Amino acid sequence: MGSGEKPAGALLSRRLKWLLLALLLAAGYFLLFFDPSYDRPIILRNAAGAEAHILLTGAVIQRLLVPDRHGKLDDVVLGHDSEAAYRASPYFGAVVGRVANRIANATFELDGETYTLATNEAGMPGSLHGGRRGFDKVRWKVKARSNDFVLLEYTSPDGEEGYPGAVDLLVRYEVSPRSELVFEVSARTTKPTPINIAQHSYFNLGGHGSGGVLSHELTLHHATHVLPIDAHRVPTGELLAVQDGPFDFLSPRPIGRRIDAVDGPGWRAGYDHAFVLHRAADAIRRGARLEPPATPRLAATLYHRATGRVMEVHTTLPALQLYTSNFLDGTIVGKGGAAYHKYAGVCLETEGFPDAVHHPHFPSVVLRPGQLFNHRTLYAFSTRAAKARSFFNSAP
C-alpha cells in the first residue's frame, strides 16, 4: 500500500457518512416540501353522523356533512378536494385575519404610529382579510385533538403583513352531540394591534354542488341596521336602518327575493355587507361601550326547504357579513368536479365591525398586551319536516 493510499475500511466509513448525510438531506427536503399531513384532513364526528373535515392550511373547513330530513348526509360547504388548491381559493372555509374584511387605503394609525399594509383586492386600494398571506394561507399546528374536537395554534410574528406585535392564536373546532359545529378563536399579543378574525365558509344547505342559494330562506335576528359601503367596498361609518328594504331579513325571506335591488362596486345584484347584531345600533349611536355577550346569541337562521336542513348561527361577535358569492363565475372547479357559479354559496361571517380602525364610534378591534381576544360562534344544524303546500300559497 502506498503512502497516499487509505485503508479500505476508512473509505467505506467515509462513503457511509456521505450516504447518511444525503439521506438526512433528502428526508429534510421531503418533510419541508412534502408534508405528510397534506391532503389528510382531521375528521371530527358525532354519534348522529355529522362530520367536519379540517385542514391545517388556513384552518380550513374542507367538508361539513350534515343530514337532511330523511337522514341523507350531504357536504354543505364549498371547497376543494386538494389542499394545495386552497392557496388560491377565494377563502373557501378558511380562518381569515389578522383583520377580516377590509381596511381602507391599506393603512391605519395606532398610538401615534402609522402602519402600511398590502393592497390585495383587485382594483381596490384597501387591504382584504389580512393581506397577501393572511391566516388563510399559513399552516396551523395541532395542539390537541380527539374524535370530536381539534385545537389548532399559530403564532403570527411581529410585522407579519405589516401588523404590529407577535400574536399567539388558538382555534378550536368541535362537533357537538347536538350537531353543532363550534368555532372558537382566542388571541394574545405582544404589542397593540387590530384583531378581527372570521370563519369564511360558503354554505349551501342543498349540498355544495347543488346550484344556487337564492331560494334559501334567511333570517337575521335583531339585525335592525346594516353598514353601507362606499365605492371601495368599505363601510362609510353610517348605520342604515333595514326596515322594509332589500336588507331587511328580520323575518324569514328568500335571499334572492330583493337581491336585484342591491348592486355594489364591481358587481350587480348581490350582498357583501355587514349587519349589526344583538340590537347594538342604539348603543353605538349613544357612544356607549359595547360589551360582547358572555355566551353566543342567535344571529342568523338559514333554511333550505327542499332538504329541510336548518342552520342557526349563534355568536358573541357584534357583526355578520352577508356575502352571496358575487364573484364566483363557474371558472373555479371544486369538490367532485362541481363548477361554482355566482350565488353557489352564502357566507355568514361573524366578525368585528369592518374598518373599525378608521371609525372611532365602531366597537374597537384593538387588542393590547395583557388582554385576551376570545369569541365563539356556533353553527347549529337541525331539520324541519316537509309541509303540505296549499294551491293558494305558491311562495318559494
Side-chain angles (χ1 to χ4, degrees), residues 76-77 100-101 180-181 183 196 198-206 212-229 233 235-236 238-264 267 269-285 290 292-293 295-305 309-326 343 345-354 356 362-363 375-382 384 395-396:
V76 298
V77 293
N101 217 304
E180 298 166 334
L181 176 64
F183 169 68
N196 185 10
Q199 220 301 323
H200 205 292
S201 284
Y202 291 62
F203 294 99
N204 186 325
L205 298 185
V213 296
L214 296 188
S215 65
H216 283 48
E217 293 177 18
L218 178 65
T219 311
L220 297 178
H221 305 272
H222 314 306
T224 57
H225 290 74
V226 67
L227 304 183
I229 56 175
R233 306 171 187 162
T236 63
E238 303 167 86
L239 279 72
L240 175 69
V242 304
Q243 188 171 10
D244 297 327
F247 296 99
D248 186 350
F249 290 95
L250 291 169
S251 57
R253 68 179 40 159
I255 292 172
R257 178 166 289 177
R258 299 181 183 179
I259 200 169
D260 286 341
V262 185
D263 295 337
W267 76 83
Y271 295 97
D272 193 6
H273 299 79
F275 287 75
V276 181
L277 300 180
H278 312 317
R279 295 192 180 98
D282 290 340
I284 292 167
R285 284 174 166 162
L290 194 64
T295 57
R297 292 180 183 169
L298 180 61
T301 301
L302 191 65
Y303 171 51
H304 185 241
R305 186 183 295 270
R309 289 190 184 96
V310 179
M311 181 179 77
E312 291 184 347
V313 182
H314 303 245
T315 189
T316 57
L317 286 156
L320 181 147
Q321 186 85 6
L322 171 62
Y323 175 56
T324 48
S325 53
N326 309 323
Y343 311 134
V346 59
C347 300
L348 302 172
E349 308 161 46
T350 58
E351 60 186 12
F353 278 35
F362 282 1
H375 283 283
R376 208 167 203 241
T377 297
L378 310 179
Y379 305 91
F381 292 91
S382 60
R384 295 179 189 168

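FYI, the numbering just counts along the sequence from 1. Everything numeric in this text was worked out from a predicted model, so none of it was measured.
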A.B. asks: Checking His222 side chain against Val276 main chain: does a donor-acceptor pair fall under 3.5 Å?
C.D. replies: no
A.B. asks: Got Tyr343 and Ile259 here, is their nearest side-chain heavy-atom distance under 4.5 Å?
C.D. replies: yes
A.B. asks: Please name all residues satisfying side-chain hydrogen bond (donor to acceptor under 3.5 Å, both in side chains) with Ser382, sequence neighbours left out, ordered by chain then number.
C.D. replies: none
A.B. asks: Just to verify, what does Ser201 make a side-chain hydrogen bond (donor to acceptor under 3.5 Å, both in side chains) with, not counting sequence neighbours?
C.D. replies: Gln199
A.B. asks: Among all residues two or more places apart in sequence or in another chain, which pass the salt bridge (Lys or Arg N to Asp or Glu O under 4.0 Å) test with Arg376?
C.D. replies: Glu184
A.B. asks: Run the numbers on Thr224 and Arg279 for side-chain contact (heavy atoms from CB on, under 4.5 Å), then give the verdict.
C.D. replies: CA-CA 7 Å; Thr224 57; Arg279 295 192 180 98; 5.5 Å; no
A.B. asks: Any chance you could measure Leu320, atom CG, to Glu351, atom CD, to the nearest 0.5 Å?
C.D. replies: 7.5 Å
A.B. asks: Can you tell me how the ring of His200 sits relative to the ring of Tyr202, calling it parallel under 30°, perpendicular over 60° and tilted otherwise?
C.D. replies: tilted
A.B. asks: Is any side-chain heavy atom of Leu205 closer than 4.5 Å to one of Phe381?
C.D. replies: yes
A.B. asks: Mind listing the closest non-hydrogen atom pair of Pro293 and Arg297 along with its distance?
C.D. replies: CB-NE, 3.4 Å
A.B. asks: Mind listing the closest non-hydrogen atom pair of Pro228 and Glu238 along with its distance?
C.D. replies: CD-O, 3.3 Å
A.B. asks: Atom CG of Leu302 and atom CD of Glu312: how far apart are they, to the nearest 0.5 Å?
C.D. replies: 11.0 Å
A.B. asks: Which class fits the ring pair His304 and His216: parallel under 30°, tilted 30 to 60°, perpendicular over 60°?
C.D. replies: tilted
A.B. asks: With side chains defined as the heavy atoms from C-beta onward, is the minimum distance between Glu180 and His314 less than 4.5 Å?
C.D. replies: no
A.B. asks: So which atom in Ile255 and which in Tyr271 form the shortest heavy-atom distance, rounded to 0.1 Å?
C.D. replies: O-CE1, 3.7 Å
A.B. asks: Using side-chain heavy atoms (C-beta onward) and a distance below 4.5 Å, is Leu239 in contact with Leu227?
C.D. replies: yes
A.B. asks: Please tell me if the side chains of Val226 and Leu322 come closer than 4.5 Å, counting only heavy atoms from C-beta onward.
C.D. replies: no
A.B. asks: Between Gly352 and Leu317, which heavy-atom pair has the shortest distance, and what is it?
C.D. replies: N-CD2, 4.1 Å
A.B. asks: Below 4.5 Å, heavy atoms only, C-beta onward: do Val213 and Leu218 meet side chain to side chain?
C.D. replies: no
A.B. asks: What pairs meet the side-chain hydrogen bond (donor to acceptor under 3.5 Å, both in side chains) rule with one or both residues in residues 315-324, with sequence neighbours excluded?
C.D. replies: Asn101-Gln321, Asp272-Gln321, Thr315-Thr377, Thr316-His375, Thr324-Asn326
A.B. asks: Asn204 side chain to Val76 main-chain N or O, any donor-acceptor pair under 3.5 Å?
C.D. replies: no
A.B. asks: Give the table of side-chain donor-acceptor pairs shorter than 3.5 Å for residues 240-249, with sequence neighbours excluded, one pair per line with atom names and distance.
C.D. replies:
from   : atom 1 : to     : atom 2 : distance (Å)
Asp248 : OD1    : Leu250 : N      : 3.0
Asp248 : OD2    : Asp244 : N      : 2.8

A.B. asks: Side chains of Leu348 and Met311: closer than 4.5 Å at any heavy-atom pair?
C.D. replies: yes
A.B. asks: Once side-chain hydrogen bond (donor to acceptor under 3.5 Å, both in side chains) is applied, do any residues pair with Thr301, and if so which ones, sequence neighbours excluded?
C.D. replies: His221
